[in-house]
Protein chains: 2
Amino acid sequence: MAEKDLLLKTAETEKISHIDYFNIAISVDCVIFGYEDKELKVLLIKSDLKEFEGMYSLLGDLIRPGEDLDAASYRVLKERTGLDDVYLEQVHAFGSINRHPSGRVITIAYYSLIDIGHHKLQLSHNELNWHSINELGKLAFDHSLILETCLKQLRERIEDHPIVFNLLPEKFSLRQLQELYEAILGVELDRRNFRKKISLKGWLKDLNEMEKNLSHRPGKLYTLKSKLKT
Amino acid sequence: MAEKDLLLKTAETEKISHIDYFNIAISVDCVIFGYEDKELKVLLIKSDLKEFEGMYSLLGDLIRPGEDLDAASYRVLKERTGLDDVYLEQVHAFGSINRHPSGRVITIAYYSLIDIGHHKLQLSHNELNWHSINELGKLAFDHSLILETCLKQLRERIEDHPIVFNLLPEKFSLRQLQELYEAILGVELDRRNFRKKISLKGWLKDLNEMEKNLSHRPGKLYTLKSKLKT
DNA sequence: TAATAAATATGTACCAACGACACATTAATT
DNA sequence: AATTAATGTGTCGTTGGTACATATTTATTA
């Protein structure tokens with residue numbers, strides 16, 4: 001039977017009304033990662049639910065009737081940051097019965113990677129702020145769990161996929177890139193081994209330009225080879 | 001704001017009614033894998049929706065009001081196979097607007113691994129059948145996509161996680177194990193290298209028993225070391 | 001019961017990737 | 001001109017991956 005007649009037959013058989021079945025809301029929640037001051041950060045908003053007084057939560061919203069899941073996440077991102085060309089990846093669905101105090105809400109979690117320095121970045125709200133992932137308290141709802149899950153997936157993905165570049169400006173030095181990997185992974189890396197490994201991946205294009213305006217020897221600048229940031 | 005007042009405020013603001021927001025159903029769909037005759041198989045049911053006449057679909061059901069996501073999948077599995085101690089893993093949420101002909105249904109996809117020879121296995125329905133993954137036509141709904149997604153994830157997971165043992169009987173030979181990996185990955189593997197690799201993982205316990213009742217030289221039997229099949 | 005068939009069991013040599021590790025070079029500053 | 005603080009680079013040992021051939025064991029058959 002699978003999904004056959006799901007909307008009718010199963011409900012009948014089990015004596016549960018149509019209304020009950022639809023009385024579950026669906027949201028998306030976005031873990032929006034950014035990178036600043038050598039720290040991985042996440043965009044959070046102060047919760048104004050009394051149950052979560054003083055706590056922060058992820059950015060999310062209910063899915064609209066004519067909107068698919070990815071579109072809902074892109075919308076949240078666009079509404080909150082003004083950005084639309086962003087990296088976004090679905091991670092997991094969370095559906096514990098009591099995860100939302102106002103009722104049954106199943107949420108699909110995404111993470112996205114954005115460049116905090118992007119000129120179009122415009123936060124929608126003055127209670128929206130960047131928080132270092134190393135200085136987070138407990139978040140509202142099950143958002144601590146969601147964040148952990150997304151962070152774990154991010155850490156796995158960056159080993160094989162050229163996605164961290166979404167967190168950096170167009171041009172960057174190997175030093176910057178290494179510091180970013182260190183911030184995400186929470187470890188220190190050996191410079192020579194890191195450069196060897198990155199060089200093996202073949203992701204980078206040498207721009208034959210140097211960093212400017214530092215008080216030290218400048219490094220070479222690179223950029224991501226293909227425009228495919230996924 | 002995040003999920004704050006989602007159930008009320010957002011709907012008001014956007015002039016979309018409460019009813020609209022809840023008029024989305026949520027299901028789970030299970031890709032139930034089994035292994036038989038050196039082939040990876042999946043349990044499918046003949047669709048009896050007229051839109052999908054002659055096609056097969058995955059096993060799924062709507063999520064019930066008081067049931068979390070994993071519980072819903074376990075229930076589907078139990079109802080369809082009679083088994084309850086199964087390996088189950090959430091993979092992805094699918095929510096295209098028109099994926100279900102009867103209305104908006106978002107589904108959370110899982111895959112599970114079961115031993116086709118398990119003595120408790122009892123299929124619920126005579127239109128439920130095992131299909132080799134190499135001989136599948138197009139499935140109903142977006143189930144071909146769901147199946148592909150789950151299979152891809154399975155292929156990645158088996159490299160690092162001792163999960164394929166859920167598809168085998170308690171005791172098995174290295175030959176059986178290798179044939180299973182070959183069936184899942186769709187490639188042939190070198191016997192010596194395979195054994196070396198498996199031995200490196202340290203997953204197996206040598207039972208000091210031999211296969212019985214074959215017409216060739218019997219192999220040694222092994223079993224999974226820890227009872228943790230995840 | 002001896003020969004045959006069909007599988008199991010096993011080790012080496014080459015190559016790629018990974019981690020540990022130290023020194024010369026460059027640009028800005030003093 | 002000397003100092004400072006960073007960039008830039010190579011080797012060696014270890015490990016994991018792949019390619020590859022032969023001896024052994026059991027059941028079967030002649």
Side-chain angles (χ1 to χ4, degrees), chain A residues 35 37-39 155-162 164-165 168-169 171-223 225, chain B residues 35 37-39 155-162 164-165 168-169 171-223 225:
Chain A
Y35 175 62
D37 300 333
K38 306 187 185 179
E39 287 192 308
R155 285 174 172 157
E156 287 169 7
R157 284 295 146 97
I158 63 174
E159 302 290 350
D160 285 323
H161 300 273
V164 298
F165 305 99
L168 290 174
K171 303 176 178 186
F172 50 85
S173 67
L174 291 176
R175 148 73 58 167
Q176 280 177 289
L177 185 61
Q178 180 176 342
E179 284 168 346
L180 172 53
Y181 269 90
E182 290 175 334
I184 295 174
L185 297 172
V187 297
E188 298 214 329
L189 302 172
D190 176 83
R191 190 163 73 245
R192 285 161 295 184
N193 292 337
F194 176 77
R195 290 157 105 99
K196 204 189 325 172
K197 196 163 153 185
I198 288 293
S199 148
L200 248 313
K201 308 264 186 213
W203 292 338
L204 299 187
K205 186 166 69 182
D206 184 340
L207 289 171
N208 295 310
E209 288 179 62
M210 303 301 267
E211 291 180 288
K212 294 224 151 57
N213 306 319
L214 344 156
S215 58
H216 315 300
R217 173 179 177 182
K220 296 173 86 171
L221 289 174
Y222 294 83
T223 195
K225 236 181 208 164
Chain B
Y35 175 63
D37 299 334
K38 305 189 185 177
E39 288 191 307
R155 285 174 171 155
E156 288 169 5
R157 282 297 146 95
I158 63 173
E159 301 291 349
D160 284 324
H161 300 272
V164 297
F165 305 99
L168 290 174
K171 302 176 179 186
F172 50 86
S173 67
L174 291 176
R175 149 73 59 164
Q176 281 177 288
L177 186 61
Q178 178 176 343
E179 285 168 346
L180 173 53
Y181 269 92
E182 291 174 334
I184 295 174
L185 297 173
V187 297
E188 297 214 329
L189 301 172
D190 176 84
R191 190 163 72 247
R192 284 162 293 184
N193 292 336
F194 176 78
R195 291 158 104 99
K196 205 192 318 175
K197 198 163 153 186
I198 288 294
S199 147
L200 249 314
K201 308 262 187 215
W203 292 337
L204 300 186
K205 188 165 69 182
D206 184 338
L207 288 171
N208 294 313
E209 288 179 60
M210 303 302 264
E211 292 180 287
K212 293 224 151 57
N213 306 319
L214 347 154
S215 60
H216 313 302
R217 173 176 177 185
K220 295 173 85 170
L221 290 174
Y222 294 82
T223 195
K225 234 181 209 167

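Source: prediction; values computed, not measured. Proteins get letters first, then strands, A, B, ... in listed order; numbering begins at 1 in each.
- You'll find the side chain of B:Leu204 reaches within 4.5 Å of the side chain of B:Phe172, heavy atoms only.
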Using a cutoff of under 3.5 Å, can you pull out all pairs of nitrogen or oxygen atoms linking the protein to nucleotides 6-8 of chain D, with atom names and distances?
residue	atom	partner	partner atom	Å
D:dT7	OP1	A:Arg175	NE	2.9
D:dT7	OP2	A:Arg175	NE	3.3
D:dT7	OP2	A:Arg175	NH2	2.6
D:dT7	O2	A:Arg217	NH1	2.4
D:dG8	OP1	A:Lys220	N	3.0
D:dG8	OP2	A:Arg195	NH2	2.2
D:dG8	O5'	A:Arg195	NH2	3.3
D:dG8	N7	A:Arg191	NE	3.4
D:dG8	N7	A:Arg191	NH2	2.9
D:dG8	O6	A:Arg191	NH2	2.6

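- A:Lys197 has a carboxylate O that lies under 4.0 Å from a charged side-chain N of A:Glu159, or vice versa, which qualifies the two as a salt bridge.
- For A:Gln176 (side chain) and A:Ser173 (main-chain N/O), a donor-acceptor pair under 3.5 Å exists by modelled atom type.
- Taking atom CZ of residue B:Phe172 and atom C1' of nucleotide C:dT8, one finds them 17 Å apart after rounding to whole Å.
- Residues A:Asp190 and A:Asn193 share a closest heavy-atom pair of OD2-N, 2.9 Å.
- Rounded to whole Å, the distance from NZ on A:Lys212 to P on C:dA28 is 10 Å.
- A:Phe165 has its side chain out of reach of A:Thr223: every pair of non-hydrogen atoms, C-beta onward, lies at least 4.5 Å apart.
- A straight line from CG of B:Asp160 to P of D:dG16 spans 13 Å, rounded to a whole angstrom.
- Considering only heavy atoms from C-beta on, A:Lys196 stays 4.5 Å or farther from A:Ser199 through its side chain.
- For B:Glu159 and D:dG16, the CD to C1' distance is 13 Å, given to the nearest whole Å.
- The side chain to side chain contact (heavy atoms under 4.5 Å, CB included) search around B:Arg157 returns B:Glu89, B:Tyr111, B:Gln153, B:His161, B:Ile163, not counting sequence neighbours.
- Within the structure, the salt bridge (charged side-chain N to carboxylate O under 4.0 Å, His left out) test picks out the following pairs touching residues 208-218 of chain B (sequence neighbours left out): B:Lys171-B:Glu209.
- Atom CG in B:Asp206 sits about 15 Å away from atom P in C:dT8, given to the nearest Å.
- One can place NZ of A:Lys197 at 10 Å from C1' of C:dG19, the figure rounded to the nearest angstrom.
- Qualifying ring-ring contact (aromatic ring centres under 6.0 Å, His included) partners for A:Phe194, counting only residues two or more places apart in sequence or in other chains: A:Tyr181.
- A:Tyr222 contributes atom OH, which lies 11.0 Å from atom CD1 of A:Ile198 (distance to the nearest 0.5 angstrom).
- Counting heavy atoms from C-beta outward, B:Ile184 and B:Arg155 have side chains that approach closer than 4.5 Å.
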Every protein N/O lying under 3.5 Å from an N/O of nucleotides 3-5 of chain C:
none

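- For A:Phe194 and C:dC18, the CZ to P distance is 13 Å, given to the nearest whole Å.
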Under 3.5 Å, which N/O atoms of the protein pair with N/O atoms of nucleotides 11-17 of chain C?
residue	atom	partner	partner atom	Å
C:dT12	O4	B:Lys196	NZ	3.2

